[in-house]
Amino acid sequence: MSAPARHASGATVDFEHVSKQYDAHAKGTPGAVNDLSFHVPAGRICVLVGPSGCGKTTSLKMVNRLIEPTAGRILIDGVDTAGRDVTELRRGIGYVIQQVGLFPHQTIAQNVATVPRLLGWPAARQRERAEELLALVGLDPGRYRNRYPRQLSGGERQRVGVARALAADPPIMLMDEPFGAVDPIVRERLQNEFLRLQEDLAKTILFVTHDIDEAIKMGDLVAVMQLGGKLEQFAPPAEILANPASEFVARFVGADRGLKRLSLSRVSELDLRPAVIARVGDASAEARRRSATDPFPYLLLVDESRRPIGWIADAAIPSEGRLDERLAHSMSPLINRRTTLKDALSMLLDADVQAGIVVDRTGAVLGLVTADMIAERMRETAGDARFAAVDLETIERAGAIGAIEGAAQPSEPAPT
Amino acid sequence: MTFVTETLAWLTDGDSWVGPNGIPARLLEHVEVSILVLLIAVAIALPAGLFIGHTRRATSLAVGLANVGRAIPTFAMMGILLPFTQAYDPALGFTLYPTVLAMIILALPPILVNTYAGVTEVDRDIVEAARGMGFRGGQILRDIEIPLALPVIVGGIRSAAVQVIATTTLGAILAGGGLGRFIIDGIAQNDDGMLYGGVVLVAGLAMLSELLLSRIQRVAQPSGRGRLPRRPFLQLAELPPREAGI
């Protein structure tokens with residue numbers, strides 16, 4: 001009987017000049033890895049991202065030694081993994097793969113309790129732990145415990161996969177495209193739930209994906225890898241988007257990396273512009289005078305609880321009488337402080353009045369956000385523009401804006 | 001249609017059911033020999049198939065041998081073995097031994113090939129997930145590969161069992177008992193009732209074993225994968241098309 005896994009809040013992971021070379025003539029080998037070095041602090045999500053064949057999955061599998069490196073060392077909490085018993089090492093590392101790899105002949109509860117069973121926990125404790133984890137990933141234990149994997153939807157299976165990897169409370173999790181096999185809507189939900197879980201769990205997570213958007217969303221740190229297993233850049237997502245370290249990274253993150261940066265910032269980071277507001281029933285003349293002193297050509301009509309009703313153009317405010325709901329002729333999207341700048345901008349582009357109304361939890365107006373403010377914010381946070389020209393160049397070469405997708409791949413012969 | 005009435009008469013004759021040459025005694029001999037042969041074949045082919053499937057070693061050799069074994073007719077095999085068993089011990093010539101040996105050799109291929117194929121067909125992602133979570137090799141075999149391959153393995157034993165029961169009949173030609181005795185004696189004594197009665201009993205026994213093993217095969221199905229699709233009654237070849245085509 002082994003001791004219960006210590007309540008871990010993550011361990012550090014270090015790659016030190018790790019390489020994996022394969023025989024050049026061998027067919028169907030995974031991507032090679034070339035002199036990979038990086039440090040993942042405890043409790044952080046590090047995403048390995050790159051095109052297929054860049055060695056990201058190989059790198060992941062070297063951590064739990066499903067693949068042994070040909071050179072270099074991988075340290076967990078400063079201890080070289082090569083010196084540890086491989087079975088014991090693996091039981092201390094959560095592992096989630098793309099096809100989930102649930103055991104089809106075992107119930108969901110048995111699947112989740114896999115590592116506790118291998119570790120020899122008492123049966124009652126295994127059961128208890130399985131139920132606890134099912135609840136944690138949002139699956140009602142009473143409903144799911146005795147089902148079999150094939151009776152679950154793709155999204156539910158992915159959740160079980162995550163629960164299984166967490167079962168023995170490992171300090172480290174390896175996740176190989178864990179949300180790859182579900183549709184985009186479910187994927188987004190699973191990503192959000194996982195990020196919320198991670199806030200409490202604080203595991204050290206190595207996460208592989210080929211999707212740069214997922215990398216930016218999930219990663220505290222992103223390792224962009226290039227074909228041949230070369231690390232191109234290792235940095236927080238905002239840094240990678242603002243300062244791509246090479247032309248490859250700039251291309252890989254895409255010509256729309258400015259927009260991607262927008263998705264990393266939230267409305268709460270902006271200094272909101274105060275709105276000129278008036279309540280239903282206020283005197284029109286006074287409201288007209290106040291609105292005229294503000295350069296924004298609209299007055300925002302609100303109800304008793306400061307909840308927005310709609311815009312009244314300055315010119316349309318009557319010079320006498322009381323304001324009434326019928327005067328409001330259009331409305332802007334309502335935005336909350338957690339909205340990303342990307343979503344806010346997108347909503348603004350569709351709106352009649354080019355200002356988003358930021359509201360609090362009760363729906364009361366906090367202030368306004370405009371496209372100019374978002375652009376200003378991006379300028380403030382942008383780094384140097386070493387590779388800014390790349391996008392233009394590639395767009396020109398590709399011949400059309402519509403070909404931006406394709407422009408992510410270089411169109412000149414690959415460097416040899 | 002006289003042989004039908006003769007057969008019925010023989011089967012219902014009280015004398016057919018008593019003594020060392022009675023139906024119960026011969027049936028018992030037949031079942032004993034069949035089970036003995038199957039047990040020995042399983043004891044050889046099952047571990048070999050598991051080893052080959054788990055390690056992926058010697059796969060082409062195994063499949064090749066299995067196919068050679070399958071290509072030789074049983075009777076020919078008995079003929080081939082007869083001189084060897086006689087050389088080993090002259091007393092063993094015209095006894096049950098050449099038959100038993102021949103049947104073991106014939107029962108090996110379906111068990112070996114199905115076991116090996118069943119294990120190799122287990123989803124590699126599942127096996128790798130298990131390895132990544134810290135299963136040792138033996139645990140993967142015991143907890144993952146065998147349970148998932150079990151229906152295919154039982155399918156191989158099922159094919160072998162039907163063949164063995166049918167073939168045990170031939171044992172009577174060289175020597176020994178079993179239900180084949182009735183067929184041989186029926187021909188020799190020009191007793192159609194006994195001849196066809198023996199045929200009916202052998203066929204019935206084969207069908208019964210087939211039914212029993214197909215039931216076991218269904219029980220062996222891992223719960224997560226649902227029921228087996230209904231298979232044709234008395235299916236003899238349980239081999240995946242890939243191997244069967246070699």
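Order of the sequence lines sets the chain letters (A, B, ...), proteins ahead of strands, with each chain counted from 1.
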Pair A:Phe103 + B:Phe135: ring centers closer than 6.0 Å: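 Ring centres of B:Phe135 and A:Phe103 closer than 6.0 Å.
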Part of A:Leu102 within contact of chain B (heavy atom distance under 4.5 Å):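 A:Leu102 touches chain B through backbone heavy atoms alone.
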Portion of A:Thr114 that has a non-hydrogen atom of chain B nearer than 4.5 angstrom: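 Only the side chain of A:Thr114 comes within 4.5 Å of chain B.
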Distance under 6.0 Å and angle within 45° of ring axis: A:Arg147 vs A:Tyr144: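 Yes, A:Arg147 and A:Tyr144 form such a contact.
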Contacting moiety of B:Asp125, where chain A heavy atoms sit under 4.5 Å: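 Both parts, heavy atoms under 4.5 Å.
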With B:Arg142 via side-chain contact (heavy atoms from CB on, under 4.5 Å) - residues at least two apart: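 side-chain contact (heavy atoms from CB on, under 4.5 Å) list for B:Arg142, sorted by chain: B:Gln139.
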Residue pairs, two or more places apart or on separate chains, that pass ring pair (Phe, Tyr, Trp, His ring centres under 6.0 Å) and touch residues 158-177 of chain A: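 The answer is none; no pair qualifies.
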Heavy-atom pair count under 4.5 Å with chain B, highest-scoring of A:Ile93, A:Leu118, A:Ile97: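 Result: the option with the highest number of such pairs is A:Leu118.
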